[in-house]
Novice: 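Take a look at the following structure, please.
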Amino acid sequence: MDAIRWEGNTLFLLDQTRLPVEEVWLSYTDYRPVIDAIRTMVVRGAPAIGVAAAYAYCLAALEGADLQQARAELAASRPTAVNLFWALERMAGKAGACGGDPAALVAEAVAIHQEDVAMCKAIGLSGAAVVPDRARILTHCNAGALATGGYGTALGVIRAAHQQGKVELVYADETRPLLQGARLTAYELVTDHIPATLIADNMAASLMAKGNIDLVVVGCDRMAANGDFANKIGTYSVAVNAHYHGVPFYVALPCSTIDLSIPDGSGIPIEERDKEEVRTLYGVQTAPAAVEVYNPAFDVTPHSLVTGIITEKGVIYPPFRENLQKLFG
Ligand code: MRU
């Protein structure tokens, strides 16, 4: 399964706002509408945003646009996932080295895309080793093939463990307000014939209390140098619940999601989204139009609640600050 394609100097994105009801591919030959696609979550998930931005940068080069301006506009699309800034910095470095040659930039974006898939597969294999036999696994939001170049981070771990015959059941949190768990994770699991049960977000603690969850694995949008990390809103409460019930809690991510320039989670910028996302559900009003709304897209989980960090280079255990530093040599 994939959600991003590059063919004949055109970027194709699977419109994730319409899944699972319709599979619609949108095409882009201008970088500007890609900014909107990131903002409106046609493409979403930290690594996927980075890959899409890299291709959008190529479109800017092909159009003969000002690359510095295109980079700044793309960077302003969503603030939390660091992969966006990481990919744009890599593309700008390449542009400097190749004099903005579009063919060389396309090769770089394709490499970013392919490397991301390879990293996800390596994350899957590292992570499968910590999954016990007959595991009942809980995940939150969507950190799957749709959220990456392909295969997924948290769902990559689940896919690899499933291939090894270790997965009894995956519980997917529905993930209000935008339902990435219900719409996207459930879609990926059902498509891949991985046994799955969808739950509303407020049901996870009761499953843990009954002893029905063996392990939690989630994705990440940005990890600070001490292991604190931002992920979809609600991740923090899953981690608190897991800690209380003694359930191992893992976060899966490629090294491109680690931001060593931020010492701890308090420095991670958290996106606030449109209040209508909470007052409505699929365009249907579910709250008084006049009610005030709080709608952060992400929260920060402190490293003290994390059992292990699953990367393409292996699983990292505490002390996280020291061990994350070692990853980067
Ligand atoms: O707002 P979204 O849907 O982009 O949020 C996605 C998440 O929080 C994912 O868990 C995260 O980006 C990791 S994706 C491998």
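In listed order, ligands and their atoms are each counted from 1.
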Novice: Closer than 4.0 angstrom: is that true for some heavy atom of Cys220 and an atom of ligand 1?
Specialist: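 A heavy atom of Cys220 does come that close to ligand 1.
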
Novice: Tell me, please: is Met41 in heavy-atom contact with ligand 1, that is, under 4.0 Å?
Specialist: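 In this structure, Met41 qualifies as a contact of ligand 1 - some heavy atom is under 4.0 Å.
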
Novice: Please report the C-alpha distance between Tyr57 and Glu108 in whole Å, then the side-chain angles of each, then the deciding distance to 0.1 Å, and finally whether the side-chain hydrogen bond (donor to acceptor under 3.5 Å, both in side chains) criterion is met.
Specialist: CA-CA 10 Å; Tyr57 193 89; Glu108 189 70 1; over 6 Å; no

Novice: Describe, in one word, how the ring planes of Tyr55 and Trp6 are oriented to each other, choosing from parallel (under 30°), tilted (30 to 60°) and perpendicular (over 60°).
Specialist: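 Rings of Tyr55 and Trp6: parallel, under 30°.
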
Novice: If you define the side chain from C-beta out and look only at heavy atoms, does anything of Phe229 sit under 4.5 Å from Thr257?
Specialist: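 They are not in side-chain contact.
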
Novice: Which residue owns the protein heavy atom closest to atom 14 (S) of ligand 1, what's the atom, and how far is it?
Specialist: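 Nearest neighbour among protein heavy atoms for atom 14 (S) of ligand 1, to 0.1 Å: Ala147 CB, 3.5 Å.
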
Novice: Verify the distance criterion only: is there a donor paired with an acceptor across the side chains of Asp259 and Ser261 at less than 3.5 Å?
Specialist: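 Side chains of Asp259 and Ser261: pair found under 3.5 Å.
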
Novice: Among Glu73, Glu63, Gln69, whose side-chain hydrogen bond (donor to acceptor under 3.5 Å, both in side chains) with Tyr31 holds?
Specialist: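 That would be Glu73; it is the only one of Glu73, Glu63, Gln69 passing the side-chain hydrogen bond (donor to acceptor under 3.5 Å, both in side chains) with Tyr31.
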
Novice: Against Met1, only a single residue in Leu155, Thr191, Leu14 fulfils side chain to side chain contact (heavy atoms under 4.5 Å, CB included); can you say which?
Specialist: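 Only one option passes, and that is Thr191.
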
Novice: Can you tell which part of Thr235 has a heavy atom less than 4.0 Å from ligand 1: side chain, backbone, both or neither?
Specialist: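 Neither; no heavy atom under 4.0 Å.
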
Novice: Consider every N or O of Gly144 and every N or O of ligand 1, then say whether any pair is closer than 3.5 Å.
Specialist: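 The answer is no, given that Gly144 and ligand 1 share no N or O pair closer than 3.5 Å.
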
Novice: For atom 5 (O) of ligand 1, what's the nearest protein heavy-atom neighbour? Residue, atom name and distance, please.
Specialist: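 Heavy-atom neighbour on the protein nearest atom 5 (O) of ligand 1: Lys232 CE, 3.3 Å.
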
Novice: Any luck finding a side-chain donor-acceptor pair between Asn142 and Arg183 under 3.5 Å?
Specialist: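 Their side chains do not contain a donor-acceptor pair, so the 3.5 Å distance test is not met.
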
Novice: Using a 4.0 Å cutoff against the non-hydrogen atoms of Gln180, which atoms of ligand 1 qualify?
Specialist: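 Checking each atom against Gln180, I get 1 (O), 2 (P), 3 (O).
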
Novice: Just to confirm my output: which protein heavy-atom neighbour is closest to atom 6 (C) of ligand 1, and how far is it?
Specialist: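 The closest one turns out to be Arg44 NH2, 3.5 Å.
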
Novice: Run the numbers for me: atoms of ligand 1, each under 4.0 Å from some heavy atom of Arg78, listed by number.
Specialist: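 Contacts of ligand 1 toward Arg78, numbered from 1: 1 (O), 2 (P), 4 (O).
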
Novice: Within ligand 1, which atoms have a heavy atom of Thr148 less than 4.0 Å away?
Specialist: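 The atoms of ligand 1 under 4.0 Å from a heavy atom of Thr148 are 15 (C).
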
Novice: What protein heavy atom is closest to atom 10 (O) of ligand 1, reported as residue, atom name and distance in Å?
Specialist: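 For this ligand atom, the closest protein heavy atom is Asn231 OD1, 2.6 Å.
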
Novice: Just to be sure I read this right, does ligand 1 sit under 4.0 Å from the backbone of His140, its side chain, both, or neither, counting only heavy atoms?
Specialist: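 None of His140 does.
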
Novice: Distance-only, no hydrogens or angles: does the Asp228 side chain make a donor-acceptor pair with backbone N or O of His303 under 3.5 Å?
Specialist: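 Yes; judged by distance alone, with no hydrogens or angles, the pair exists.
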
Novice: How many angstroms lie between atom NE2 of His140 and atom OG1 of Thr175, to the nearest 0.5 angstrom?
Specialist: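 So the NE2 of His140 and the OG1 of Thr175 are separated by 4.5 Å.
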
Novice: Tell me whether ligand 1 is touched by Leu178 - counting only heavy atoms on the residue side and a distance under 4.0 Å.
Specialist: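 So Leu178 does not count as touching ligand 1.
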
Novice: Has ligand 1 got any nitrogen or oxygen that is less than 3.5 angstrom from a nitrogen or oxygen of Pro47?
Specialist: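 No, there is no polar N/O contact under 3.5 Å.
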
Novice: Does a donor on one side chain and an acceptor on the other come within less than 3.5 Å for Tyr187 and Gln16?
Specialist: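 Side chains of Tyr187 and Gln16: no pair found under 3.5 Å.
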
Novice: Of the side chain and backbone of Ala46, name the one, both, or neither that has a heavy atom under 4.0 Å from an atom of ligand 1.
Specialist: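 Both of them.
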
Novice: Less than 4.5 Å apart, side chain to side chain, heavy atoms only: is that true for His162 and His193?
Specialist: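 No, their side chains stay 4.5 Å or more apart.
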
Novice: Tell me: protein heavy atom nearest atom 15 (C) of ligand 1, and distance?
Specialist: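 Among all protein heavy atoms, the one nearest atom 15 (C) of ligand 1 is Thr153 OG1, 3.1 Å.
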
Novice: How far is atom 8 (O) of ligand 1 from the closest protein heavy atom, and which atom is that?
Specialist: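 Nearest protein contact, heavy atoms only, for atom 8 (O) of ligand 1 is Asp221 OD1, 2.8 Å.
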
Novice: Relative to the heavy atoms of Ala143, which atoms of ligand 1 are at a distance of less than 4.0 Å?
Specialist: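 Listed by number with element, the hits are 14 (S), 15 (C).
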
